[in-house]
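I have placed the structure first, in the form of structure tokens, so that the comments after it can refer back to it.
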Amino acid sequence: MPSFTVRTATTQYEAIVESNIISKLASFLPSKVSQIFVVTTPDVWSYHSRPLESVLEGRKHKVLFFPGGESNKRMSEVEALADQMVGAGADRASLVIGFGGGIVTDVAGFLAAIFLRGIPVLQIPTTLLGQVDAAVGGKTGVNLVSGKNLIGSFHQPLAVLIDPEVLRTLPEREYRAGLYEVLKAGVIRSKELFDLMALRSADVLGQHPDVLAQIISESVRIKCEVVTADEKEGDLRRILNFGHTIGHALEAESSYLRVLHGEAVSFGMTAATHLARLAGHLNEDDANAILKCIEIYGPIPSLEGINAESLLARLGSDKKTLHGKVHFVLPTKIGEVIITNNVDPELIRQATIAALHVNSR
Ligand code: GLY
């Protein structure tokens, strides 16, 4: 099965898409690890602990439980996990494994990034969103009340082990939420992936093994390629934020409780597609094709009661705001985007209202 390489100025690692890859974990561990800390949630552990436990048998390890959920992705949880590590005798030769969805891999990665000023992390994502986006590329962090992922660090993992079969136990809503990140990858960089999502939706939703492996592999390939070109999001990596600018505002506005991250990205992509069309960057046919494809994988929970002005007010505190200017990633055709801060605020307002309208039924 495919393996993709991330190369940065300081490291290089593989993201491997393969059934039962967890059984090969030992070959990715450094030889002198003193203790392994698995950060996971009770749910993930109850479904998927067995293969990991059998690899870890005979190695000093401890399982650390994180409650899960975007609203728990907070500094206080990281501190609690770090205290447990200290209590268990962790040292600089310890290693963290992030074993769960994107929230878990973000938290585990951040814990590893700051524990004793940095120890290695290995990521084993168990949700589609974690597999195709969050666990690959070294972004780690937690939320503030005032905004999403506003505290964090780039901390590249030793490897990312992706087993598509673990998705069988994923609740449908979580699976669909991950599909929006796949769709994002298609819109920004691969018409072929977009077409697969548009034309084979029944197989995508039914987790047809070949189609699932294809959409995961293509998304991971794109992610590895982009991160290799621009690890710290100085330029190209910003394209991965398509749908995230307004999406993050929605997550913060709803206190991280009303929508999943992928659902917020769906909303954000809807708004950004309307914006691209209104601003004259995207033709009507491509805009409609993107909007239709987003709809196929919906609906997201109703956003009735969410106010456009409140969302717009939050845009200024997003990480993508530079010198007070909000940057948008806008499609110019399927598979290509531009990054621009030169957008008429009135069009942003209209696009946000249009996206709210679509999602308030
Ligand atoms: N999720 C966006 C990125 O990794 O850059």
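Start at 1 and go down the list; that is how both ligands and their atoms are numbered.
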Starting from [atom], find the nearest protein heavy-atom neighbour and note its residue, name and distance.
{"atom": "atom 1 (N) of ligand 1", "answer": "D133 OD2, 2.8 Å"}
{"atom": "atom 5 (O) of ligand 1", "answer": "R237 NE, 2.7 Å"}
{"atom": "atom 4 (O) of ligand 1", "answer": "K223 NZ, 2.5 Å"}

Check this for me, if you would: do E18 and K24 make a salt bridge, where the nitrogen-to-carboxylate-oxygen distance has to be below 4.0 angstrom?
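Looking at E18 and K24, the cut-off is met.
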Taking the basic N atoms (NZ, or NE/NH1/NH2) and the acidic carboxylate oxygens, is any pair closer than 4.0 Å for E77 and K73?
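Salt bridge: no.
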Can you list the ligand 1 atoms lying under 4.0 Å from a non-hydrogen atom of K139?
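Per the distance check, 2 (C), 3 (C), 4 (O), 5 (O).
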Would the distance check show the side chain of Q35 and the main-chain N or O of A88 forming a donor-acceptor pair, the cut-off being under 3.5 Å?
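Present.
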Parallel, tilted or perpendicular: rings of H261 and H248 (30°, 60°)
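Geometry flag for H261 against H248: tilted rings.
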